[in-house]
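Scope of the values below: all heavy atoms of this structure, side chains included, with no hydrogens, waters or symmetry mates.
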Amino acid sequence: MWLAIVALCLITLGGLALTYTYERTKIPFIFRIAMGHVIGEVLFSLFLFIVASIFGFSKATILFSLSIIVLLSLLFFRDDLRCSLKSDLSGVHKSFKDLESGLICNAAFYSLLLIAMYFFFQRAMIESSDGIFTGVGHNLGDLPLHLGIIFAFTDGGQFPPFNPSFTYTKLTYPFMSDLVAASMIKLGASASDALLAQNLYLIFSVILLVEYFTFAQLKSRVIGKVSVLILLFCGGLGFFEFFRDYWNDGRSISEFLWHLEKDYTIRAEGLRWGNSLTTLFITQRSFLLGFPLAMILLSHVWKFYSAEKTDFRENAWKHVLMGVLAGCLPLVHVHTLLVLFVVCAALFMFSFERCREWFLFGIVVTAVALPELIWSMTGSATSMRRFIEPFFGWDKGNSNFLVFWLKNLGLFIPLLFVGVFLAFKKENQKLVRFYIPFFICFLIGNTLKLAPWEWDNIKVLIYWFTGSIPFVVMVLFEMWKNWKMRALAALCFVTLIFSGALDVWRVMSGQMSYQVFSADAVKVAEMIKAQTSPKAVFLNAPTYNSAVVLTGRQSLMRYTGHLESYGIDFRQRERDVREIYKGGKSADILLAKYGVNYVIISPEELGNLDIVNESYFSKFPLIAHSGSYKVYEVSRP
């Protein structure tokens, strides 16, 4: 883990140097560190992807790409940047030396959150002698999805790899965060350590950059910190069910809290918003990198849009760098690119007088993003027609639209309306206009399905939620100013975070443990890596937790739920997979047709397929065996 931490620190150092080239105003140093890490990680993954596509994915190409990022720190040899860094560091030193109250409060806030995030994210992947587990139910399918991509980088036979879940097709899932994790593993870190280190760096960047996003608009770090808590622990009115369950349970409150039996922010019916940590940040690894990058870009857009005057020459480099970062979004997180487009298009309508700056930013974004989009779409099995279609009400089902949103977000929406009204009353027109594109994202998320699975609209709706938080917190602080309203303000705040805090607590306290891969699956995966070609094609049941996931080898197909979310038509291949496992002459023909090299028979195949003709496969050489896991070689790769 320490090697991964060192590598991530070096990535942060290079990104930190870049922040001084575009952000010349005085901002808290800790915000620069967060910006530096996200910028460094995005640029490192971009350089690594380009270099590895030419020379292959190896320690040499990883270290070369890392050295490019580290060399950015040479920018501190510029007198102006070095002076700015010295000024920031001396300010930090003075704060520690004088033990300023603000420093103590900030340190306590960040330390407590970071400790909580450590216990939370260490539950993402748990390795033990009994196999690989996850402590988050929502991560049961996502963890093997990302491990499959990561190991395809580290142990696959080509770069970039085919889609490991549907071989012979291009990997179009935004993979930059997984590429960074794969590089940490290639340098010697274990998979669980690499994921934990990267997750902690990124979630801490999320915390700081959400605070900075709110601070940029409302000029209050306290309001920014409250915004962070509302985002991380968001949830609806599920806490009413918690009180009902506690009342009917009969145990003490402490015993009940240590044995929570269900989530209180998301259900199959009614409650669909979930909690950002348990359903997004720990499961959607591309979002964990895309979201803090969006906070940097949106903060830049706000500063540019709200400034009284702008100097095109002075800001040109800033627009170029932000454009390059935004242009990486097709490989980082595509839905974030959509949100950025909506925000910039709407704000452009309110600021024609700055068209040169908008055009420069747009040209750079297009120049970087367009080749990525063309590359991703060429040879892809994804059908874009399955991504966009009319679909009202997001994931409300048969619920009333207004009741659904009130149930899922509680007092958040009423407070939002009051906050927008207050902004109008205070004649803060720029803040209100800046919010318009976020509201448009809410409308889009409730009228169009932006992915084959409608719940995935959350990846756009979460930005509406984040853009709304400053208005909600504004109302809470207005209430707090009146001592008669303080109790009500505190109660409103508690209702906004109570349900989410319960779900986060359930994870970080280790109350759940779901086995993803058994010990035998891990053992047979090691045998496969030792005895088969990295380019081998495997046949396995269409499940998410096949042992093949841990090998980096390609599967003819894996979990249909993931393929459905990609917009891939897998039906014919699924029928063929089932036909092969039945054995016989048709199996011989299909094995040759798809170029399958190895077939695995395990509890996943026996439990998920109608027929598994083991006698048919027994004629082939058995090359790996552990417990009930067997691997047969059906052809040479």
Side-chain angles (χ1 to χ4, degrees), residues 27-28 30-31 34-35 38 102 105-106 108-114 116-117 202-236 265 273 275-277 280-281 287-288 291-303 306 339 343 409-420 422-423 426 428 430-432 434-435 437-439 441-442 461-481 489-501 504:
I27 62 173
I30 197 166
F31 289 157
M35 293 177 188
V38 175
C105 292
N106 286 332
F109 177 80
Y110 298 135
S111 297
L112 288 173
L113 268 184
L114 190 56
M117 293 303 99
L202 287 175
I203 197 61
F204 197 54
S205 297
V206 167
I207 291 168
L208 291 164
L209 293 172
V210 169
E211 179 184 344
Y212 179 71
F213 176 68
T214 307
F215 170 74
Q217 297 174 68
L218 301 179
K219 306 303 179 186
S220 169
R221 291 191 67 180
V222 177
I223 290 179
K225 288 178 172 60
V226 176
S227 299
V228 168
L229 295 177
I230 291 176
L231 175 67
L232 294 184
F233 302 106
C234 63
T265 64
W273 181 260
N275 168 261
S276 62
L277 280 169
L280 283 175
F281 288 122
F287 179 76
L288 185 58
F291 185 83
L293 175 58
M295 291 298 98
I296 294 174
L297 296 170
L298 292 173
S299 298
H300 164 68
V301 170
W302 161 254
K303 285 191 170 185
S306 63
V339 171
V343 171
L409 291 181
L411 293 177
F412 186 87
I413 291 179
L415 291 171
L416 171 61
F417 280 117
V418 176
V420 174
L422 284 177
K426 293 182 178 181
N428 196 340
K430 286 188 176 180
L431 184 63
V432 174
F434 183 67
Y435 178 67
F438 294 96
F439 181 68
C441 288
F442 176 79
L461 291 170
I462 191 67
Y463 285 108
W464 158 76
F465 183 84
T466 305
S468 303
I469 290 177
F471 294 92
V472 173
V473 181
M474 187 192 309
V475 177
L476 295 178
F477 272 80
E478 287 296 323
M479 295 167 64
W480 188 260
K481 290 177 183 178
L491 180 62
C492 290
F493 174 69
V494 169
T495 65
L496 293 174
I497 67 169
F498 196 179
S499 299
V504 174

Side chain to side chain contact (heavy atoms under 4.5 Å, CB included) evaluation trace for Met117 with Ile207: CA-CA 10 Å; Met117 293 303 99; Ile207 291 168; 4.2 Å; yes
State, yes or no, whether a side-chain contact exists between [X] and [Y] at a heavy-atom distance under 4.5 Å.
X      : Y      : result
Met35  : Leu209 : yes
Val222 : Phe109 : no
Leu202 : Phe281 : no
Met474 : Leu431 : yes
Phe477 : Val226 : yes
Phe493 : Val473 : no
Leu476 : Trp480 : no
Leu415 : Leu496 : yes

Please give me the minimum heavy-atom distance between [X] and [Y], naming the atom from each residue.
X      : Y      : value
Thr214 : Gly224 : CB-CA, 3.9 Å
Pro292 : Val38  : CB-CG2, 3.7 Å
Val228 : Glu211 : CG2-N, 3.7 Å
Leu277 : Leu232 : CD1-O, 3.4 Å
Gly467 : Tyr435 : O-CD1, 3.6 Å
Tyr110 : Lys225 : OH-NZ, 3.4 Å

Mind checking the [atom1]-[atom2] spacing from [X] to [Y]? Nearest 0.5 Å is all I need.
X      : Y      : atom1 : atom2 : value
Leu288 : Leu293 : CG    : CG    : 12.0 Å
Phe215 : Ser299 : CZ    : OG    : 11.0 Å
Asn275 : Phe233 : CG    : CZ    : 8.0 Å

Could you tell me how the ring of Phe442 sits relative to the ring of Trp464: parallel (under 30°), tilted (30 to 60°) or perpendicular (over 60°)? tilted
Taking the inter-plane angle between the rings of Phe465 and Trp273 on a 0 to 90° scale, is it parallel (under 30°), tilted (30 to 60°) or perpendicular (over 60°)? tilted
With sequence neighbours excluded, residues passing side-chain hydrogen bond (donor to acceptor under 3.5 Å, both in side chains) with Thr495: none
Quick one: list whatever passes side chain to side chain contact (heavy atoms under 4.5 Å, CB included) with Thr466, sequence neighbours left out. Phe213, Leu231, Phe291, Met295, Ile462
Would Asn106 and Ile30 satisfy side chain to side chain contact (heavy atoms under 4.5 Å, CB included), going step by step from the backbone distance to the final call? CA-CA 10 Å; Asn106 286 332; Ile30 197 166; over 6 Å; no
When Ile469, Val472, Leu411, Leu409 are each screened for side chain to side chain contact (heavy atoms under 4.5 Å, CB included) with Leu416, the one that passes is Val472
With side chain to side chain contact (heavy atoms under 4.5 Å, CB included) as the test, would you mind laying out the steps for Trp302 and Leu298 before giving the verdict? CA-CA 6 Å; Trp302 161 254; Leu298 292 173; over 6 Å; no
Main-chain N/O of Gly236 paired with Ser499 side-chain donor or acceptor, under 3.5 Å: yes
Verify whether the ring centers belonging to Phe438 and Tyr463 lie closer than 6.0 Å. no
